[in-house]
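Data first, discussion second: the structure below is written as structure tokens.
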Amino acid sequence: MENLSNIVVFNLSGLNEIRSHKYVFFAFTLLFYLLITFLNLTLTATILLEKSLHEPMYIFICNLSVNTLYGTAGFYPKLLADFLSDTHVISYAGCLIQAFVIYSSVMCEFSNLTVMAYDRYVAICKPLEYHSIMNNVTAQKFVLILWILTFCEAMIPILLTLRLPLCGSQIDKLYCENWSVVKLSCVDTTVNNVYGYFFVIAHIAQALFIVYSYIQIIRECLRSSEGRSKFMQTCVPHLITLINFSVTTIFDIIYARYASRNTPQTLRNIMAVEFLVIPPLLNPLIYGLKLTRIRVTVKRLCNKTVDSHTVHR
């Protein structure tokens with residue numbers, strides 16, 4: 001195969017089959033992105049403005065929404081621009097930046113959910129020790145550390161990919177992701193694959209920790225009505241978010257690694273973007289509707305805004 005390692009742009013072929021309806025898809029995608037942005041900004045602002053919500057659990061929820069805004073910013077603006085364009089291309093640098101943003105966001109979300117599982121484990125299984133183990137300063141340190149580790153974890157595969165000469169420029173997705181670029185390489189990619197396996201093992205370990213935490217939480221909840229009440233109020237939203245995120249991410253991994261070119265393009269697109277569509281929309285709704293303190297605070301802040309607007313009129 002001819003060496004094309006001087007490639008400066010990639011072609012994204014995921015939108016090829018919907019050119020005739022691109023304006024309809026643009027309108028729906030724009031509305032969807034605006035809704036995601038509004039919901040997550042609302043949740044973030046509510047937690048930041050309400051001092052009574054400055055507690056570890058809500059700090060982690062706030063970080064979840066901030067991360068959602070960060071991750072979706074790496075996907076939706078480019079997708080919207082592609083809907084309005086007849087050529088769906090992205091520069092080599094832009095491709096790697098998009099891959100970094102999207103997957104650092106995914107890894108940050110999973111790490112954040114892991115820390116939230118630990119927070120709930122301490123709150124329910126060790127309630128008398130909770131404030132000595134987990135406080136606002138500790139939560140802020142957790143958030144800072146997981147962002148640093150996430151950026152480092154996401155940067156390594158990008159650096160490994162930069163050294164690869166490429167023999168193609170066609171990416172069969174709606175967006176750039178690292179594995180799609182690696183598959184275009186002209187040379188052996190064993191190092192990239194080894195890091196990929198290390199990455200998978202590390203996150204399996206996180207998943208096992210989450211499972212262990214919830215086994216302990218459920219055991220504790222079975223012993224008392226107070227524990228069951230805490231579980232229903234604070235753990236159920238987290239579990240729904242975790243399951244939602246895990247299922248959609250697994251779909252993306254299956255698509256990236258094993259999807260056949262014979263699979264219909266529409267199905268491949270759905271599998272590829274589920275984790276960028278479903279969790280960003282459902283997470284703020286789950287926490288906003290299920291957690292009473294957030295729901296009450298949002299209503300109160302909305303009423304204050306309406307009353308203030310009425311007085312000024």
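For this chain, numbers begin at 1 and follow the sequence in order.
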With a 3.5 Å cut-off and no angle check, do the side chains of N283 and E109 form a donor-acceptor pair?
yes
Smallest heavy-atom separation, I240 atom then I286 atom, equals CG2-CD1, 3.3 Å
Taking all heavy atoms of P77 and all of T72, pick out the closest pair and write down the distance.
CD-O, 3.6 Å
Locate the shortest heavy-atom distance separating N63 from C108; write the atom from each residue and the value.
ND2-SG, 4.3 Å
If the condition is ring-ring contact (aromatic ring centres under 6.0 Å, His included), which residues does F83 pass it with, not counting sequence neighbours?
none
Quick one: name the residues clustered hydrophobically with I145, using the 4.5 Å side-chain heavy-atom rule over I, L, V, M, F, W, Y, and just say none if it's on its own.
L149
Has S104 got a side-chain atom pairing as donor or acceptor with F100's backbone, closer than 3.5 angstrom?
yes
Parallel under 30°, tilted from 30 to 60°, perpendicular over 60°: which one fits the rings of Y175 and F275?
perpendicular
Would you confirm whether Y76, through its side chain, and L276, through its main-chain N or O, come within 3.5 Å as a donor-acceptor pair?
yes
Ignoring hydrogens and geometry, is there a side-chain-to-backbone donor-acceptor pair from N40 to P280 under 3.5 Å?
yes
Identify all side-chain donor-acceptor contacts of residues 116-125 below 3.5 Å with residues at least two apart in sequence or on another chain.
residue	atom	partner	partner atom	Å
D119	OD1	Y130	OH	2.6
R120	NH1	T234	OG1	3.1

Aromatic ring proximity W179/Y103, centre distance under 6.0 Å:
no
Is the backbone of T87 close enough, under 3.5 Å, to the side chain of S85 for a donor and an acceptor to pair up by distance?
yes
Can you tell me if T297 uses its side chain to pair, donor with acceptor, with the backbone of R293 under 3.5 Å?
yes
Is there a donor-acceptor pair closer than 3.5 Å between any side-chain N or O of Q98 and the backbone N or O of G74?
yes
Looking only at non-hydrogen atoms, find the nearest pair between P279 and P284 and report the distance.
O-CD, 4.2 Å
Remaining members of hydrophobic cluster (4.5 Å side-chain criterion), I215:
V211
Hydrophobic clusters join Ile, Leu, Val, Met, Phe, Trp and Tyr when side-chain heavy atoms are under 4.5 Å apart, directly or via other members; which others share one with L41?
L69
Candidate list L49, L43, T44, test side-chain contact (heavy atoms from CB on, under 4.5 Å), partner I47, passing option
L43
Tell me whether R295 at atom CZ has more than 12 heavy atoms from other residues, nucleotides or ligands lying less than 6.0 Å away.
yes
Pairwise disulfide (SG to SG under 2.5 Å) hits with a residue in residues 48-88, at least two apart
none
Side chain to side chain contact (heavy atoms under 4.5 Å, CB included) partners for I59, two or more places apart
N136, A139, Q140, V143
Is there any salt bridge (Lys or Arg N to Asp or Glu O under 4.0 Å) pair reaching into residues 184-211, and which pairs are they, with sequence neighbours excluded?
none
Sequence neighbours excluded, the answer for ring-ring contact (aromatic ring centres under 6.0 Å, His included) partners of F10 is Y92
Applying salt bridge (Lys or Arg N to Asp or Glu O under 4.0 Å), which residue pairs with at least one partner in residues 42-51 are found, sequence neighbours left out?
E50-R300
Sidechain-backbone polar pair: H88 side chain, N11 backbone, donor-acceptor under 3.5 Å
no
For I204, all residues meeting side chain to side chain contact (heavy atoms under 4.5 Å, CB included), sequence neighbours excluded:
V200, L208
Between D172 and K183, is there a salt bridge with N-O shorter than 4.0 Å?
no
If you count heavy atoms of other groups shown closer than 6.0 angstrom to NE2 of H131, is the number above 12?
no
Would you list the atom pairs, donor with acceptor, under 3.5 Å between side chains in residues 150-164 and any protein atom, with sequence neighbours excluded?
residue	atom	partner	partner atom	Å
T150	OG1	L146	O	2.6
E153	OE2	H203	NE2	2.7
T161	OG1	P157	O	2.8
T161	OG1	N178	OD1	2.6
T161	OG1	N178	ND2	3.2
R163	NE	L160	O	3.1
R163	NH2	N192	OD1	2.8

Closest heavy-atom pair and its distance - C176, I90:
SG-CG2, 3.6 Å
